[in-house]
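Each chain gets a letter, A, B and so on, in the order the sequences are listed, and its residues count up from 1. It should be emphasised that the depicted structure is a prediction, and the values quoted were computed from it without experimental measurement.
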Number of protein chains: 2
Amino acid sequence: MDARERILEAAARLFSNQGYPATSLAQVARTARVSKALVLWYFESKESLFRTALQHFLTPYEIDAHALLGLTEREQIEKLIDDYYDFIAEHLSSVQFVLGQVVRQDENSHELVTHARELYRVYRELLTTILERGRASRVFAPQVRPAEDAALIMAALNGLLVQQLVESERECDPQELLARFKSTIRTQLCPSLPEDVPAALRTDTLPHETFGQRAGR
Amino acid sequence: MDARERILEAAARLFSNQGYPATSLAQVARTARVSKALVLWYFESKESLFRTALQHFLTPYEIDAHALLGLTEREQIEKLIDDYYDFIAEHLSSVQFVLGQVVRQDENSHELVTHARELYRVYRELLTTILERGRASRVFAPQVRPAEDAALIMAALNGLLVQQLVESERECDPQELLARFKSTIRTQLCPSLPEDVPAALRTDTLPHETFGQRAGR
DNA sequence: GTCTATATACAGATAGAC
DNA sequence: GTCTATCTGTATATAGAC
């Protein structure tokens, strides 16, 4: 790995752990095992180094909407939830950084914050659309309110993320919470489905599809 | 307001908006309309100023558990949710700051982060207890899982907070989302209650109490 | 208590040798 | 390309006048 690459990697890690103002070029240089001058030979300023390093984070933030084709609305919702969770688990430290920037509304990372917000919006609108379609085709209950419920699902996912970042002692297994969440959503969206309750209690109209195993991922 | 007070207030605002490293004593002094030296006359160092200023944030972070006495479990849950939301609305900028510190796990605010985490834990355990009692007394459905559902409620609340902080263009009214959330919880906890669905569909056992109006706060 | 003046350290950035 | 040496600004912190 050449010097430029090492600098970029060190910068990404340090900026993400400590934030922009708390990270000095000297520290980046030391971490990358080069001189300060070399850092500024490759990148014209601290800020441009920051921006360039952030591209490392932003690149993987994309949604693969095509993978949803051929799934039922309920499966689509669950897939989106799982994808969101997987993405977070895989990029935890950079997600933590981005969230920090978003919460702080750091001026230095305006691009980053805008990008994150945009992605969030797209994700939510995708959820809304699916909820609308599911309700229209009677897969989901008529009480479903697409816009609000999509926002609530996103909120819960983000909340689970924050919880995961915050809780030092793993009091709850996040995987288990996610399963519980999906189960809750399922009951909420499709109240006609038997949950852990005797099926005899319910007599609603049947959904127009059958469901297989509920085993996790 | 005397100089010390002005310094403290300026410090609280600036630290909370810009973070610790990006805020200089000169800026604090300018904002408080005093000299740099005076700041360090009252506070022995930048870090001690930071810590002292943070007490302003931490003070109001308390839970009034006594106010829950005499309410039904369902009302207790809703009251806790409303209180949480009200608190956030009232202290939005400091909550934003604390959340930023928590997410970043800033070393400078270890006390702060610990306090916030502790408060969060207490809040969640309170919810868990109420859910347990409600389930035991058959006010809540037997499917309720106290620990997990308490965590999910907290997650959703925190997610709504993040959403509120993040969304520049108010696409959804947070008040409306909260109402929808409470309504969702209600259906989830007490599936025997008629929601927007014809009561004829349900035949479960009745809760041991009656419910009055559903009007908001 | 509040100030001006100053010490000291370190930041980001440049010059120029190799 | 990579370095050492250095410039310049600004940060925290101190000294001491009033």
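- Residue pairs meeting the salt bridge (Lys or Arg N to Asp or Glu O under 4.0 Å) criterion with at least one partner in residues 122-131 of chain B, sequence neighbours excluded, are A:Glu167-B:Arg124, A:Glu171-B:Arg124, B:Arg121-B:Glu125.
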Legend entry - Nucleotide-resolved protein contact map, nucleotides 2-14 of chain D, B/S/- at heavy-atom distance under 4.0 Å: BBB------SBBB

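- Applying the side-chain contact (heavy atoms from CB on, under 4.5 Å) rule to B:Glu132 yields the partners B:Thr128, B:Pro146; only residues at least two apart in sequence or on another chain are considered.
- Scanning for side-chain hydrogen bond (donor to acceptor under 3.5 Å, both in side chains) contacts around A:Gln76 gives A:Arg133, with sequence neighbours left out.
- Taking B:Phe50 as the reference, B:Phe15, B:Tyr20 meet the ring-ring contact (aromatic ring centres under 6.0 Å, His included) condition, with sequence neighbours excluded.
- Here salt bridge (Lys or Arg N to Asp or Glu O under 4.0 Å) pairs that include residues 30-51 of chain A, with residues two or more places apart or in two chains, are A:Glu47-A:Arg51, A:Arg51-A:Glu111.
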